[in-house]
J.: 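To start, I am sharing the structure in question, which I have written as structure tokens.
All of these numbers come straight from a predicted model, not from anything done at the bench. Naming convention: chains lettered A, B, ... in sequence-line order (proteins, then strands); numbering from 1 in each chain.
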Protein chains: 2
Amino acid sequence: MDKELLGIKVVRKMISLISTGVYRPERKLPAERKLCEQLGVSRGTLRQGLADLDSMGVVKIVPRSGIYIKKYSDKKLPKGILPPNFKNISLHDIVNARKIIEIPAVALACEKAGKDKIAILKNHIIKMEQSIDDLPEFLKYDMLFHQTVVSASENKVLVTAFESISEYLKYSQVYTSVHEGEEEKAMKYHKKIYAAIKNKQKKAGVKILANHLNDILESVKS
Amino acid sequence: MDKELLGIKVVRKMISLISTGVYRPERKLPAERKLCEQLGVSRGTLRQGLADLDSMGVVKIVPRSGIYIKKYSDKKLPKGILPPNFKNISLHDIVNARKIIEIPAVALACEKAGKDKIAILKNHIIKMEQSIDDLPEFLKYDMLFHQTVVSASENKVLVTAFESISEYLKYSQVYTSVHEGEEEKAMKYHKKIYAAIKNKQKKAGVKILANHLNDILESVKS
DNA sequence: GCAATCTGGTACAATTAATATACCAGAAAT
DNA sequence: ATTTCTGGTATATTAATTGTACCAGATTGC
């Protein structure tokens, strides 16, 4: 049985942080001394993981300057690889699966969401509003909002299930079907869902999300 | 970031081996010197893991006799046992996630299951009956049955989501159908689900599965 | 311009986890 | 009665991780 070296945990964590947009391509990472504090490892261990990420081409370490996330690192990440059967999947199935998972999740979220998750939800809404003229950005925070809702259910198994299909969501036409003018509508839905979770209004939250996803389902049927 | 102690991996591995029926409740485990060779760890590390399993009530260590797998009375899944990426997962969460995904899936399966999937389901039931005295085989086909049910929903996104949590199902199996004599009960339940899907009795299928998972959920609450 | 501060690169002792080895004592098999 | 099994224990060794310290180039503030 192999011992799990901390260095590879750092690699995994960093990939996760990059893929979720916490750290963004072309940008500089926090200094090593800050990073190792944030990740809760010693600097030596962090550097071990960073060296791996460097050799994988995910980051570039520049002496006396900083550590930079490479531009197209997303495509090299394991999670960035589309499932092979992607093209055989219908939008209808994607939205239906979302309904099945997200609706119970929002019900749980209304019961269990903590202040931290509520704060994150609010932040995502703010970011959505700020990037309402930048569709890729808008959709990114749309996505993060929904992931946070599932996360707020405090059921990590459900989170795992949802994460596994988030690639479908990302690359599907669902988001490109949010045409101009649809952003305002999406904003209203998200704000209502946020309010329902914050005020623990379970029935309202379920109803709003169901309507939201049904709207998407309608726009998909064509 | 917590260091992953090998002892915890031993605990996980042992639970996995018990849940897959390699080792069965009320029976004696191989001697420590054999076990640590099989698991690929030193005896000290193995004993550390076994001590945890003992304090959790999973096994009972009897000096100068052996290590015996206990029947579970404590349904709690202790922290830090499950795979490193998803810590603090409770059995409650696992069963809840199963409910959320499998119940809509069986409803869809009753609507959409084709002859091919029905044939596969029947085959899994036959294999389960044939291997009723071979627990690892039995649980294997038990698992395949559930995956086929979700697959019969004809929603590939849902299948992906379910596959991503199937690793956790075996942990829930530890506490459910692993005991001797439970196999017959599981058989009856699977046969009823199969009949409901075959005869497209949506409400019946949902009810049977919901009752079963609610039973498990109830026994878990303690 | 200069000094303080930042950056990654490096070295080394202390701590901790895991291994390998040996031996003990009771129990069971031969 | 002796060999061989069992878990319990002790210890030296190896390796991973931490913590601390310092280096040298680059940047920032005054």
J.: Can you pull the salt bridge (charged side-chain N to carboxylate O under 4.0 Å, His left out) pairs that have at least one residue in residues 37-46 of chain B, sequence neighbours excluded?
T.: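 Salt bridge (charged side-chain N to carboxylate O under 4.0 Å, His left out) check on residues 37-46 of chain B returns B/E32-B/R43.
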J.: Starting at atom NZ of A/K3, determine the distance to atom P of C/dT19, rounded to an integer number of angstrom.
T.: 7 Å
J.: Just the endpoints, please: which first and last nucleotides of DNA chain D, 5' to 3', lie under 4.0 Å from a heavy atom of chain A?
T.: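 With heavy atoms of chain A under 4.0 Å away, the range is D/dA16 to D/dA26.
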J.: Does a side-chain N-to-carboxylate-O contact under 4.0 Å join B/E4 and A/K3?
T.: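 No salt bridge links B/E4 with A/K3.
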J.: When rounded to the nearest 0.5 angstrom, what is the spacing between CD1 in A/I125 and CG in A/L144?
T.: 12.5 Å
J.: To the nearest Å, give me how far apart CZ (A/R47) and C1' (C/dA11) are.
T.: 12 Å
J.: Looking at OH of B/Y68 and NZ of B/K60, how far apart are the two atoms once the value is rounded to the nearest 0.5 Å?
T.: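 Answer rounded to 0.5 Å: 11.0 Å.
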J.: With sequence neighbours left out, what residues match B/F145 under ring pair (Phe, Tyr, Trp, His ring centres under 6.0 Å)?
T.: B/H190
J.: Nearest whole angstrom, please: distance from the P of C/dA20 to the CG of B/L6.
T.: 12 Å
J.: I want to confirm an ordering. Mapping A/P30 and B/G40 to their closest nucleotides on DNA chain C, which one lands closer to the 5' end?
T.: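 With A/P30 and B/G40 compared, the 5'-side residue is A/P30.
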J.: I want to confirm an ordering. Mapping B/G44 and A/A31 to their closest nucleotides on DNA chain C, which one lands closer to the 5' end?
T.: A/A31
J.: Could you pick out which residue, A/R64 or B/R33, lies toward the 5' side of DNA chain D when each is mapped onto its nearest nucleotide?
T.: B/R33
J.: From CG of B/L39 over to P of C/dA18, roughly how many Å is that when rounded to an integer?
T.: 14 Å
J.: Between B/R43 (CZ) and C/dA17 (C1'), how many Å, whole number?
T.: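 After rounding, the reported distance stands at 18 Å.
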J.: How many whole angstroms separate atom CD of B/Q48 from atom P of C/dA18?
T.: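 Answer to the nearest Å: 6 Å.
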J.: Relative to the 5' end of DNA chain D, which residue comes earlier, A/S65 or A/T45, by the nucleotide with the nearest heavy atom?
T.: A/T45
J.: Quick one: does A/H212's side chain get under 4.5 Å of A/K185's, heavy atoms only?
T.: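 Counting from C-beta outward, A/H212 and A/K185 never come under 4.5 Å.
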